[in-house]
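Everything on this sheet refers to the single structure shown next.
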Amino acid sequence: MTLSRRDFVATSSSLAAGLAISPSVAFPRASTTGGAAAPPVVIASANGIRGVKVAYDQIVRGEDTLDAIIAGVNIQELDPEDQSVGLGGLPNADGVVQLDASCMHGPTRRAGSVACLEDIATPSLVAKAIMDYTDHIMLVGSDARKFALAMGFKTQNLLTEKSRQDWLRWKSKLNANDAWLDHDDPVRIKFTTGTINMNAVNAAGDLSSVTTTSGMSWKVPGRVGDSPIIGAGQYCDNTIGAAGSTGRGEANIKVCGAFLAVEQMRLGKTPEQALLHVVERVIAMTEKRLLSDRGRPLFDLDFYAVRKDGTFAGVSCYEGSQFAVCDAAGPRLVTSAYLYRRSERPTR
Ligand code: ASP
């Protein structure tokens with residue numbers, strides 16, 4: 001659906017104002033693929049458990065799949081308690097919250113993306129505005145902010161007191177000799193990650209995908225992760241399926257994970273087989289400093305995929321991950337498939 005600029009501004013602000021933050025509902029299932037196999041289906045990273053229900057209900061009412069999943073991820077973006085996305089997201093090394101997001105609309109084969117966006121809580125909607133109202137796909141930094149302001153987005157301070165305190169704690173542990181790579185475990189000591197990816201297919205088989213994040217905490221200012229990279233953080237081909245990722249973006253970018261997942265499904269693989277292939281490729285492309293002596297990754301990375309026929313999966317490097325699903329059986333968390341047992345995760 002394309003709106004005039006004025007309608008767009010009115011719709012996005014009333015949408016943001018009307019979002020209810022309801023308690024999470026989870027119905028754990030043992031299976032990793034297939035619930036009710038027929039569309040519509042919405043899947044997301046586990047933090048999207050509230051959003052998948054919102055998106056599913058909108059899709060069942062006949063609303064566009066991309067509008068629906070963006071409404072789903074807006075819940076996390078606007079939740080100050082979620083420190084991985086939008087308002088309340090953990091800041092960069094300078095204490096500034098910089099957000100990344102991207103989206104793809106299957107039926108119209110369009111994409112939008114924004115990176116290093118400051119002061120605007122809903123980068124997913126900015127990415128969609130770039131898709132809808134420009135001839136471009138990606139805008140970054142202060143010019144992306146300027147574009148968003150022209151489109152009617154409102155600025156606010158995204159750094160909550162809780163995230164500021166966490167940043168201060170991190171900063172207080174630095175010393176004059178610190179470098180970015182000179183310690184044993186650059187992933188777990190210095191950084192935390194978090195993101196929401198959501199993908200949907202409706203009864204007509206139309207697909208969309210979106211990913212939004214505040215990125216890796218304490219990142220070097222200007223760092224762009226995988227979330228706004230079309231083909232890495234998310235990808236959607238209306239003839240095949242949609243996929244996305246959360247976790248260490250630097251590991252995903254090198255394999256274009258979401259694109260690779262869709263291409264593997266194009267070859268006839270199930271979503272789970274496709275994602276396992278992607279995670280194997282990630283490990284094969286990981287530099288030595290981020291692998292244990294046994295070749296196990298020192299980071300977490302999760303992928304999610306849904307096929308046009310409504311089958312879906314989540315796959316993680318290590319046992320123990322879950323992802324959110326909503327279909328005719330309702331919203332629930334499903335256990336992800338994995339490459340390695342949790343006991344194999346390096347502890348150093
Ligand atoms: N993938 C995100 C990034 O690297 C972070 C995350 O998902 O936790 O920016």
Side-chain angles (χ1 to χ4, degrees), residues 43-49 51 73 76-77 79 81-86 88-93 96-103 113-118 123-124 126-127 138 140-141 144 158 163 166-167 170 180 186-199 209-235 243-261 275 278-279 282 285-287 290 297-305 314-318 320-324 336:
I43 65 165
S45 43
N47 55 350
I49 188 66
V73 300
Q76 295 317 114
E77 288 177 325
D79 181 353
E81 295 304 316
D82 187 324
Q83 291 184 286
S84 67
V85 189
L90 289 169
N92 65 19
V96 176
V97 180
Q98 285 188 326
L99 305 175
D100 298 337
S102 65
C103 62
S113 160
V114 67
C116 286
L117 181 69
E118 295 177 15
S124 62
V126 176
M138 186 174 206
V140 303
L158 302 179
S163 289
D166 284 351
W167 170 69
W170 167 75
W180 293 99
V187 177
R188 282 180 302 126
I189 293 176
K190 279 220 166 172
F191 304 105
T192 62
T193 54
T195 293
I196 180 164
N197 163 248
M198 196 174 291
N199 311 285
S209 50
V210 64
T211 299
T212 173
T213 189
S214 54
M216 207 179 255
S217 63
W218 338 132
K219 58 194 175 186
V220 175
R223 177 263 189 187
V224 173
D226 58 333
S227 306
I229 309 290
I230 309 290
Q234 56 77 40
Y235 193 75
S245 177
T246 61
R248 185 177 163 80
E250 280 74 2
N252 180 25
I253 289 172
K254 288 187 292 180
V255 304
C256 303
F259 179 76
L260 182 59
L275 295 183
V278 173
V279 177
V282 167
M285 285 295 288
T286 296
E287 60 261 45
L290 293 172
L298 296 170
F299 53 83
D300 289 307
L301 189 59
D302 286 79
F303 288 92
Y304 319 91
V315 169
S316 182
C317 291
Y318 289 104
S321 277
Q322 292 184 310
F323 64 105
S336 299

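Every number for a ligand or one of its atoms is a count from 1 in the order of the listing.
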Between atom [atom1] of [X] and atom [atom2] of [Y], what is the distance when rounded to the nearest 0.5 Å?
X	Y	atom1	atom2	answer
Ser214	Asn92	OG	CG	10.0 Å
Ser316	Asp302	OG	CG	3.5 Å
Glu250	Thr286	CD	OG1	11.5 Å

Counting both backbone and side chain atoms, is some N or O of [X] under 3.5 Å from an N or O of ligand 1?
X	answer
Glu250	no
Thr195	yes
Thr213	no
Gly249	yes
Gly215	no

Test side-chain contact (heavy atoms from CB on, under 4.5 Å) applied to Val140 - qualifying residues, sequence neighbours left out: Ala115, Met138
Residues two or more places apart in sequence or in another chain: which of them pass side-chain contact (heavy atoms from CB on, under 4.5 Å) with Ser245? Asp226, Asn252, Leu301, Phe303
May I ask you to decide if Cys317's main-chain N or O and Asp300's side chain share a donor-acceptor pair within less than 3.5 Å? no
Verify, without hydrogens or angle tests, whether Lys219 (side chain) and Val224 (backbone) share a donor-acceptor contact under 3.5 angstrom. no
In terms of its nearest heavy atom to atom 1 (N) of ligand 1, the top option of Ser84, Gly247, Gly244 is Gly247
What are the atoms of ligand 1, with element, lying closer than 4.0 Å to any heavy atom of Thr246? 7 (O)
Proximal atoms of ligand 1 relative to Met216 (non-hydrogen, under 4.0 Å): 9 (O)
Please classify the Lys219 to ligand 1 contact at 4.0 Å (heavy-atom distances, strictly less than): side chain, backbone, both or neither. neither
